[in-house]
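Okay, structure first, notes after.
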Amino acid sequence: MLWYILIGILCLVAGLALGFFIARRYMMTYLKKNPPINEQMLQMMMAQMGMKPSQKKINQMMNAMGKQQEKESKTKKKK
């Protein structure tokens with residue numbers, strides 16, 4: 001009887017851990033493919049701050065954010 005309870009608890013803990021890592025991996029790939037900020041959002045944010053956004057400035061900011069994400073993902077992989 002004790003073994004059934006122990007095995008059930010171990011399976012529950014293993015399932016929770018496995019589910020956490022699978023969900024984490026899925027969300028990381030989803031956010032990498034679909035970044036939360038796109039060009040339209042960036043343009044709207046700049047307009048709200050009183051700046052007149054040019055396409056060149058928007059492209060520079062998008063590239064800078066992309067490079068920052070790549071840099072963060074490389075440093076996380078090294079650890």
Side-chain angles (χ1 to χ4, degrees):
M1 181 71 175
L2 181 63
W3 285 105
Y4 292 122
I5 295 171
L6 189 60
I7 290 173
I9 291 172
L10 287 175
C11 288
L12 179 66
V13 170
L16 288 173
L18 187 63
F20 170 76
F21 288 112
I22 290 172
R24 182 175 178 262
R25 170 72 53 109
Y26 173 76
M27 285 304 296
M28 288 176 68
T29 56
Y30 176 80
L31 289 174
K32 192 172 190 178
K33 290 178 183 175
N34 303 313
I37 296 179
N38 58 18
E39 290 181 15
Q40 293 172 345
M41 294 172 104
L42 191 60
Q43 190 174 20
M44 191 178 354
M45 285 174 26
M46 290 175 74
Q48 287 176 350
M49 290 188 290
M51 302 171 73
K52 182 162 172 73
S54 65
Q55 190 63 36
K56 181 180 177 183
K57 192 176 282 190
I58 291 172
N59 290 341
Q60 286 175 345
M61 291 181 77
M62 290 296 290
N63 287 336
M65 287 191 299
K67 287 179 184 178
Q68 182 67 28
Q69 286 179 346
E70 288 177 10
K71 185 178 176 182
E72 289 175 0
S73 66
K74 286 181 182 178
T75 57
K76 287 181 182 177
K77 287 182 182 178
K78 289 182 181 179
K79 292 181 180 180

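As a basis for the values below, the full set of heavy atoms in this structure was taken, side chains included, without hydrogen atoms, waters or symmetry mates.
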Between Met62 and Ile37, the two heavy atoms sitting closest are CE-O, 3.8 Å
If I take atom CD1 from residue Ile5 and atom CG from residue Leu10, how far apart are they, to the nearest 0.5 angstrom? 12.0 Å
Taken to the nearest 0.5 Å, the spacing of Ser54 OG from Met46 CE works out to 6.5 Å
Mind checking the CD1-CG spacing from Ile7 to Leu12? Nearest 0.5 Å is all I need. 13.5 Å
Hydrophobic cluster identity match, Leu31 and Met65, side-chain contacts under 4.5 Å: no
With side-chain contact (heavy atoms from CB on, under 4.5 Å) as the test, would you mind laying out the steps for Met41 and Asn38 before giving the verdict? CA-CA 5 Å; Met41 294 172 104; Asn38 58 18; 3.1 Å; yes
About how many Å separate NZ of Lys67 and CD of Glu70, when rounded to the nearest 0.5 Å? 8.5 Å
Heavy-atom neighbours of Gln40 CD exceed 12 at 6.0 Å: no
Look up atom CG in Leu18 and atom SG in Cys11, then write down how far apart they are to the nearest 0.5 Å. 11.5 Å
Hey, any chance Met28 and Phe20 share a hydrophobic cluster, counting ILVMFWY side chains that come within less than 4.5 Å of each other, even indirectly? no
The reported gap from CD in Gln55 to CD1 in Ile58 (rounded to nearest 0.5 angstrom) is 5.0 Å
Is there side-chain contact between Met45 and Met51, with at least one heavy-atom pair below 4.5 Å? no
